[in-house]
> 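Submitted below is the structure of interest, expressed as structure tokens.
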Amino acid sequence: MTAALSLQELAADIAREAGELARLRRAEGVSLAATKSTIADIVTEADREVEALIRARLSAERPGDGFLGEESGGGDGTTGVTWVVDPIDGTVNYAYGLPAYSVSVAAVEGGADPNTWRPLAAAVYAPVLRELFTAGRGEGAWRDGMRLAVTAETPAGALLATGFGYDPATHDGDLLTVRQIMPLARDLRRIGSAALDLSYVAAGRLDGYFERGLKPWDFAAGALLVAEAGGVVTRLDTASDRPMLVAAGAALHARLSGILDKDI
Ligand code: IPD
């Protein structure tokens, strides 16, 4: 056990190691393990192997902590800290050989419910791009040693990102939302990894991001990155099965929420 490692350092170490494993497995070829909610919602053998590595590393370093992972589910701990993990966020990109995928590792205080937890530490690692984004509560957000800040102004319109769920039945509604948001936009990106979308908002590479129906592991780390980079992250309509996550600098966040709140 490495008792000296902070939660942030541990998240960063594990995300990097896990990401390197994902990259290696991608180079060897991808095998599909299963489909999940719909035929478009896939899991690869690498998702499972990478999550198993993360889970094993965490239980060796912090045996009393809880765990919630995309592929292997959850277990309560005894310390009050829970790790929320997406081993490969952007699995469809991964399967197609697109570089925009990431490993997302977050430590939160409290249980697995995003409505009540308090994020403590986060790491998002993009193995192909070899970029590591980290944050600690009250300690700022960082990319490879450089402090991050969200954008404050969007004079030419906002560079926004969004995503769509895997269920075709939700596409029309999501496209209607896009139409309503476009008057605020300079342009719109669909990167394919929510953890990277949020990391990029934190880094000022995107002005804002919104998406319905994200799972806790998709945004646990990225939301802390945005908050520690001076931005605002909220979830609207949390009683529904597809809450809307909105992340941006304060001024843009208010404008996005003004539209998205009405839309819901
Ligand atoms: C997905 C990605 C994608 C988002 C989906 C997520 P996964 O995560 O973050 O960008 O639009 O909603 O489910 O399934 O690749 O881990």
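The residues of the chain are indexed from 1 along the displayed sequence. In listed order, ligands and their atoms are each counted from 1. Treat the numbers as computed from the prediction; the structure is a model and nothing was measured.
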> Taking only heavy atoms of the protein into account, state which residues are under 4.0 angstrom from an atom of ligand 1, in chain and number order.
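Lining ligand 1: E70, D86, I88, D89, G90, T91, G163, F164, Y166, R190, G192, S193, A194, E211, L214, D218.
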> More than 12 non-hydrogen atoms from neighbouring residues, nucleotides or ligands closer than 6.0 Å to CD on E28, yes or no?
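Yes, enclosed.
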> Provide the full list of side-chain hydrogen bond (donor to acceptor under 3.5 Å, both in side chains) pairs with a residue in residues 76-94, sequence neighbours left out, each pair given once.
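Found D47-T91, D65-T79, D65-W83, D89-S193.
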> Could you give the distance from CZ (F164) to OG1 (T177), rounded to the nearest 0.5 Å?
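Result: 9.0 Å between the selected atoms.
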> If a pair satisfies salt bridge (charged side-chain N to carboxylate O under 4.0 Å, His left out) and one of its residues is in residues 172-187, list it, with sequence neighbours excluded.
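As it turns out, the salt bridge (charged side-chain N to carboxylate O under 4.0 Å, His left out) pairs with a partner in residues 172-187, which skip direct neighbours, are D174-R212, D174-R242, D187-R189.
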> Tell me which pairs pass side-chain hydrogen bond (donor to acceptor under 3.5 Å, both in side chains) where either residue lies in residues 11-23, with sequence neighbours left out.
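Passing the test, one end in residues 11-23: E17-R57, E20-R23, E20-Y125.
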> Assess the side chains of R55 and S72: does a donor N or O sit below 3.5 Å from an acceptor N or O?
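Their side chains do contain a donor-acceptor pair, which is all the 3.5 Å distance test asks for.
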